[in-house]
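So the structure is just underneath, and the comments pick up after that.
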Amino acid sequence: MTSETLQKARDFEAQYGPHIPDSERPVFHVTPTIGWMNDPNGFSFYKGECHLFYQYHPYSNEWGPMHWGHLKTKDFIRWERLPAALAPDQDYDASGCFSGGAVELEDGRQLLLYTGVQRHHNAEGFLEDVQTQCVAIGDGLNYEKFGGNPILTAADLPEGGSSIDFRDPKVWRDTDGTFYAVIGNRTEDDSGAILLYRGIEDFKGEFVRTLDRSHNQYGRMWECPDFFPLDGKQLLFTSPQDMTPIGLEFHAGNGTLCLMGSYDPEKGFTRERVQAIDYGLDFYAPQTVLSPDGRRIMIAWMQNWDTAGAKPFHCRWFGQMTLPRELSVRNGRLYQTPVRELERYRGPAVVHNRILVSGETNLPGVQGRVLDMTVNICPAGKDSYRWFRLHVAKDGQNDTIIRYKPDESTLKIDRCRSGLPRDIVNTRSFLVRPQDGALKLRVILDRYSLEVFVNDGEEAASAVIYTRQEADAITFEADGQVLIDVEKYDLL
Ligand code: FRU
């Protein structure tokens, strides 16, 4: 039965969602039907189609009592909007249906596992959450909350675990048929941990072990975990709150971590390496799915909590997802590339080879705001240049810059003049690894964002922009002399 709260949200989005013209949205990046969107939830295959849910407050462009919005896709590029799936309509989730996962059950039904939040004033008068894990069962469109909810509560936590911060279950069916979930938790030292549970198929959970802990080294509360094997390694993803930078590897505030290692069911997870997942300005709470053809595909909220207040005036939707990305592990590093289906939406190629750049120049046929462009940057001789800049979304007033400095091996994203109406963090630099002196950048633009993939996905950096669409110039600039190859495709 659809509750009154859910029906109200469905009526609201059906009435007002269509008022937002397609021209005011990105072309192939997911946005909410209307209102506010944050984390991706329940990114999973169900009856052969890929479903994506999201943290959703349809009634305003601000975060509010969380619902789950819903879409599905056949190719990760074109999305079909579906009615909202969950609303905060029970005692145990009255303050919000927080992030979670989805999985297809043996009997063909779809299970959603999410965090139910109840907010109350504690003994000191502070607002405090009680977070529990809850189940809803459905058919890919409508969902019934389980009568025995919540299925995991404070009683299921390991010693020292906080029930105030116990959230974001990611559920999957393992090769042995058991259904597992990883869940974020705050520990007694006030930092984060990821907990593993099993037995979700029986609408309950048995605590297996703590997979890894921050010990206050990599931020505090660890949100939105994911846990999966890839190319001979075991990967644990999490999005920590309150991180402090370590060199150029992490930035302050809400970050993302890829913990790479191995997993032994007897001994647990052994961490070998830690890296940020994305090095740009807007990326949080990624979730992955294993596609039927064996690819591990990731999607994330292309935003950051610290900058989410900077939105265009009167915008009727807020929040975008990244382009879904194929993941792989090579040379002990996480690689990400845009999902290959994107290539089907390319128009004719515009190609320029061995162009000498000295000063600033543009190239015939290279402009636009919805495109897929690869630029190879090579020195034109020994010590031939001090920096190279790729300018996009440019006109007399606006300019979004990707700058490479070979002496530092750093790439910098700069969106200081990209239509953002607030003085927020607008630049970020990170280390890259040129190969034989050359660097390869693949840049995806989709009206309100840029995503940069370095050296076939060795690093990725995402940022939203709000530059007016008429600003569509692209230029190439060097302090010194650089040889470039450019291959550009308009998309869709
Ligand atoms: C991460 C997060 C999650 C939570 C959700 C609430 O962005 O804080 O931990 O479930 O957002 O909307």
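Each ligand, and each atom within it, is numbered from 1 in the order the structure gives.
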When only distance counts, is W301 in polar contact with ligand 1, meaning an N/O pair under 3.5 Å? no
Under 4.0 Å to a heavy atom of S99 - the qualifying atoms of ligand 1, by number: 5 (C), 10 (O)
Closest non-hydrogen protein atom to atom 1 (C) of ligand 1, residue and atom name please, with distance? D39 OD2, 3.0 Å
If you have a sec, work out which protein heavy atom is nearest atom 8 (O) of ligand 1 and how many Å separate them, to one decimal? E223 OE2, 2.9 Å
Answer yes or no: does atom CG of D176 have more than 12 heavy-atom neighbours from other residues, nucleotides or ligands under 6.0 Å? yes
Over 12 non-hydrogen atoms of neighbours within 6.0 angstrom of CG in D91: no
Residue pair D165 / R167, side-chain heavy-atom distance below 4.5 Å: yes
List every atom of ligand 1 that sits less than 4.0 Å from any heavy atom of M66, numbering the atoms from 1 in the order shown and giving each element. 12 (O)
Return yes when atom CZ of F203 has more than 12 non-hydrogen atoms of other residues, nucleotides or ligands closer than 6.0 Å, and no otherwise. yes
Under 4.0 Å from a heavy atom of Y284: which atoms of ligand 1 are those, numbered in the order shown and with their elements? 1 (C), 7 (O)
Within the structure provided, determine whether V464 and R415 are in side-chain contact (heavy-atom separation under 4.5 Å). yes
Ion pair E106/R173, N-O distance below 4.0 Å: yes
Step through the shown structure and confirm whether more than 12 heavy atoms of other residues, nucleotides or ligands are within 6.0 Å of CG on D174. yes
Proximal ligand 1 atoms for N38, defined as those under 4.0 Å from one of its heavy atoms: 5 (C), 6 (C), 7 (O), 11 (O), 12 (O)
Minimum-distance protein heavy atom relative to atom 9 (O) of ligand 1: D168 OD2, 2.6 Å
Under 3.5 Å between some N or O of ligand 1 and some N or O of Q55? yes
